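Everything below concerns the one structure shown next.
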Amino acid sequence: MTFETSSAKSVSDRAMRAVMAKDRGAWLDCFTEDALLRDPVGGSPLDPDGKGFRGRAALAEFWDALVEPAQDVRFVVREEYPSSDATAKVASVAITLPDGAAMNYDGVFVYEVDEAGRTASLSGYFTPPSTAA
């Protein structure tokens, strides 16, 4: 496997496209059955203990709470650092909330994959943003 065509880069690209298309099934298909999502690392109001979301059922709950209600979610990847089984994306995220308020932030998103090329771990490093009308 080469760095340019790593499975982590491929699955992370698919996962981000699925979020932007609001395709829950395609997004969940990017993950292993016992995947760990920490978004952000360290916790948030949805993850107050900072342990993240483990398994597809928990990821589906994360989607239903955050992605599904959003009017729009956009990623702009500015840099990427892939390896054979992981990739780190430096990206800007723009979310339009149900009430039309905007939520924008920058972060580093690290995807680690298993041997089958599915995301085993996704860790987002960013400061949770406040909203702006």
Side-chain angles (χ1 to χ4, degrees):
M1 181 177 314
T2 66
F3 291 129
E4 294 78 29
T5 59
S6 77
S7 58
K9 178 175 175 9
S10 176
V11 76
S12 64
D13 290 345
R14 284 195 321 273
M16 285 184 162
R17 282 193 306 269
V19 171
M20 292 189 293
K22 299 205 52 182
D23 187 337
R24 182 180 188 256
W27 183 73
L28 288 171
D29 284 345
C30 292
F31 293 90
T32 63
E33 289 298 323
D34 66 342
L36 174 62
L37 170 67
R38 297 180 307 152
D39 187 24
V41 170
S44 69
L46 192 58
D47 178 25
D49 63 8
K51 292 182 180 178
F53 303 88
R54 169 77 65 185
R56 283 202 190 170
L59 271 65
E61 291 175 15
F62 172 88
W63 177 281
D64 294 344
L66 291 178
V67 179
E68 190 60 38
Q71 289 182 25
D72 190 52
V73 179
R74 294 285 160 219
F75 298 99
V76 176
V77 177
R78 295 189 315 273
E79 297 176 61
E80 185 161 10
Y81 302 96
S83 69
S84 60
D85 62 357
T87 192
K89 293 179 178 285
V90 179
S92 295
V93 182
I95 301 171
T96 305
L97 300 173
D99 64 1
M103 196 164 66
N104 300 294
Y105 57 95
D106 295 322
V108 177
F109 303 89
V110 179
Y111 291 76
E112 296 179 66
V113 299
D114 69 358
E115 303 79 31
R118 285 206 165 140
T119 303
S121 172
L122 169 54
S123 300
Y125 296 87
F126 59 91
T127 301
S130 58
T131 59

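The figures that follow rest on heavy atoms only: side chains count, while hydrogens, waters and symmetry mates do not. These numbers were taken from a predicted model, which means no experiment stands behind them.
Not one N or O on the side chain of D39 forms a donor-acceptor pair closer than 3.5 Å with the backbone of G124. Side-chain atoms of K22 do not come within 3.5 Å of backbone N or O of D72 as any donor-acceptor pair. Checking side-chain atoms of S12 against main-chain N and O of A8 turns up a donor-acceptor pair under 3.5 Å.
Defined by atom type and a distance below 3.5 Å, a donor-acceptor pair is missing between the side-chain atoms of R118 and T32.
The shortest side-chain heavy-atom distance between D29 and R56 falls under the 4.5 Å cut-off. A 4.5 Å side-chain heavy-atom check between F75 and V19 finds at least one atom pair inside the cut-off. Counting heavy atoms from C-beta on, the side chains of F53 and L46 come closer than 4.5 Å.
The cluster map of Ile, Leu, Val, Met, Phe, Trp and Tyr, joined by side-chain heavy atoms under 4.5 Å apart, puts V110 and V113 in different clusters.
Here the closest heavy-atom approach between residue K89 and residue Y111 is recorded as CD-CE1, 4.2 Å. Nearest approach of A15 to W27, heavy atoms of both residues: O-CD1, 3.5 Å. Closest non-hydrogen pair, S92 versus R78, comes out as OG-NH1, 2.6 Å. When all heavy atoms of Q71 and P98 are compared, the pair lying nearest together is NE2-O, 2.9 Å.
Using cut-offs of 30° and 60° on the angle between ring planes, the pair Y105 and F126 is parallel.
With respect to the salt-bridge test (charged N to carboxylate O, under 4.0 angstrom), the residues D64 and R24 qualify. With respect to the salt-bridge test (charged N to carboxylate O, under 4.0 angstrom), the residues K9 and D13 qualify.
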